[in-house]
Amino acid sequence: GEVNYQQVESRLKAALAGEPQHYELQMQVPGSDEVQFKDVAYAPHRLADGSIAGCSVLVVDITESKRIQEALAENEERLRLAAEFTGFGLYDVDLASGSVYCSDALKKLICLQASDPVPRRVLRIEEPVHPDDRDRVREVFQRSLDPDQKRGIDVEHRIVRPNGKVRWIHVRGRTVF
């Protein structure tokens, strides 16, 4: 319709003036309440003398991908709220790359600010696990690294926070191979 054409007119003019264009288009399906999303690219055709003879247009329907992204964002927000209100923390360690993700709730539990990076020392069993619990916790984590055991992590233990306070936590997880 007219509204959709107005969205693309300036981009098309720019492409016909020799400027490649790439953008995302949200459009109403004529005669329907349905909204679709398109990934649009215009590539000007230049002649040997540099003049523009026209342009190629590539349009890809990304509606389903956008809906999946929106659903994922909603689920992430629900999980974030659940973690915030219940006080549980999440972590993910990629053993191959060494990258670590800790949720804000988990950072708070171990006395870090949300913006703080997770220090590598926190990943060692020696910190922050209470000294009396370290051997048992180390054993649980080591077993979880054996693909033949197919065991997850399910251990309750104490941690010693940087301020010296002791706190009980319950850690559940699994190793993905």
Side-chain angles (χ1 to χ4, degrees), residues 1-124 141 144-148 150 152-153 171-177:
E2 182 65 28
V3 174
N4 290 338
Y5 181 73
Q6 289 172 355
Q7 291 181 38
V8 300
E9 184 178 25
S10 65
R11 302 272 190 166
L12 182 57
K13 285 181 180 178
L16 292 173
E19 299 173 31
Q21 300 290 303
H22 186 231
Y23 64 100
E24 199 171 280
L25 174 67
Q26 179 179 335
M27 58 184 285
Q28 185 84 32
V29 175
S32 168
D33 289 338
E34 183 184 359
V35 174
Q36 293 183 346
F37 296 89
K38 309 292 183 187
D39 183 55
V40 183
Y42 298 134
H45 288 266
R46 293 190 184 274
L47 299 176
D49 66 1
S51 64
I52 305 299
C55 69
S56 294
V57 180
L58 175 64
V59 180
V60 178
D61 187 341
I62 58 170
T63 304
E64 186 63 23
S65 175
K66 289 295 262 185
R67 290 195 175 115
I68 291 169
Q69 287 174 355
E70 289 171 5
L72 180 59
E74 287 174 11
N75 286 337
E76 286 175 346
E77 179 63 8
R78 286 183 189 115
L79 182 59
R80 188 194 64 75
L81 289 172
E84 180 181 328
F85 292 122
T86 61
F88 75 81
L90 300 170
Y91 70 95
D92 184 23
V93 178
D94 185 325
L95 296 173
S97 72
S99 69
V100 178
Y101 165 79
C102 280
S103 68
D104 292 348
L106 182 58
K107 286 181 177 183
K108 183 178 179 181
L109 179 71
I110 58 176
C111 293
L112 294 174
Q113 297 297 316
S115 60
D116 290 344
V118 179
R120 299 294 299 169
R121 65 179 171 71
V122 170
L123 299 176
R124 296 193 302 264
F141 275 79
S144 77
L145 297 175
D146 182 351
D148 294 331
K150 295 187 174 43
I153 298 166
V171 178
R172 288 187 181 147
R174 67 183 168 102
T175 306
V176 178
F177 297 95

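We count residues from 1, following the sequence as given. Keep in mind that this is a model prediction, so the values were computed, not measured. Atom set for the values below is all heavy atoms of this structure, side chains included, hydrogens, waters and symmetry mates excluded.
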Provide the closest heavy-atom pair for Q28 versus V35 in the form atom of the first, atom of the second, distance.
OE1-CG2, 3.8 Å

What's the shortest heavy-atom distance between C55 and P44, and which atoms?
CB-CA, 3.8 Å

Please answer whether the main-chain N or O of L25 pairs with a side-chain N or O of K38 as donor and acceptor at a distance below 3.5 Å.
no

Min side-chain heavy-atom separation V8-Y23 under 4.5 Å:
yes

Euclidean distance, Y42 OH relative to L16 CG, rounded to 0.5 Å:
9.0 Å

Indicate the atoms forming the closest heavy-atom contact of K107 with A114, along with that distance.
NZ-O, 3.0 Å

Is there a side-chain contact between I153 and F141, using heavy atoms and a 4.5 Å cut-off?
yes

In Å and rounded to the nearest 0.5 Å, what is the NZ to CG distance from K108 to D116?
14.0 Å

Enter the distance from I52:CD1 to H45:NE2 here, rounded to the nearest 0.5 Å.
9.5 Å

Between the OG1 atom in T63 and the CG atom in D39, the distance rounded to the nearest 0.5 Å is 11.0 Å

Looking at CD of E34 and CE of M27, how far apart are the two atoms once the value is rounded to the nearest 0.5 Å?
9.5 Å

In sequence, state the C-alpha distance, the side-chain angles, and the governing distance for K13 and E9, and then conclude on salt bridge (charged side-chain N to carboxylate O under 4.0 Å, His left out).
CA-CA 6 Å; K13 285 181 180 178; E9 184 178 25; 3.6 Å; yes

I would like to know whether Q69 and S65 meet side-chain contact (heavy atoms from CB on, under 4.5 Å); could you show each step before the answer?
CA-CA 6 Å; Q69 287 174 355; S65 175; 3.9 Å; yes

Evaluate the criterion side-chain contact (heavy atoms from CB on, under 4.5 Å) for residue pair D92 and L90; output intermediate values, then yes/no.
CA-CA 7 Å; D92 184 23; L90 300 170; over 6 Å; no

State, to 0.1 Å, how close P147 and L145 come at their nearest heavy-atom pair, and which atoms those are.
CD-O, 3.3 Å

Strictly below 4.0 Å, N to O, side chains only: are R80 and E84 in salt-bridge contact?
yes

Measure the NZ-CD distance between K66 and E24 for me, rounded to the nearest 0.5 Å.
3.5 Å

Any donor-acceptor N/O pair, T86 side chain to A82 backbone, under 3.5 Å
yes

Please give me the minimum heavy-atom distance between H22 and A41, naming the atom from each residue.
CD2-CB, 3.8 Å

Any chance CG of D49 has more than 12 other-residue heavy atoms, nucleotides or ligands included, within less than 6.0 Å?
yes

Closest non-hydrogen atom pair between G89 and S103, with its separation:
CA-OG, 3.4 Å

S144 backbone acceptor or donor facing T175 side chain under 3.5 Å:
yes

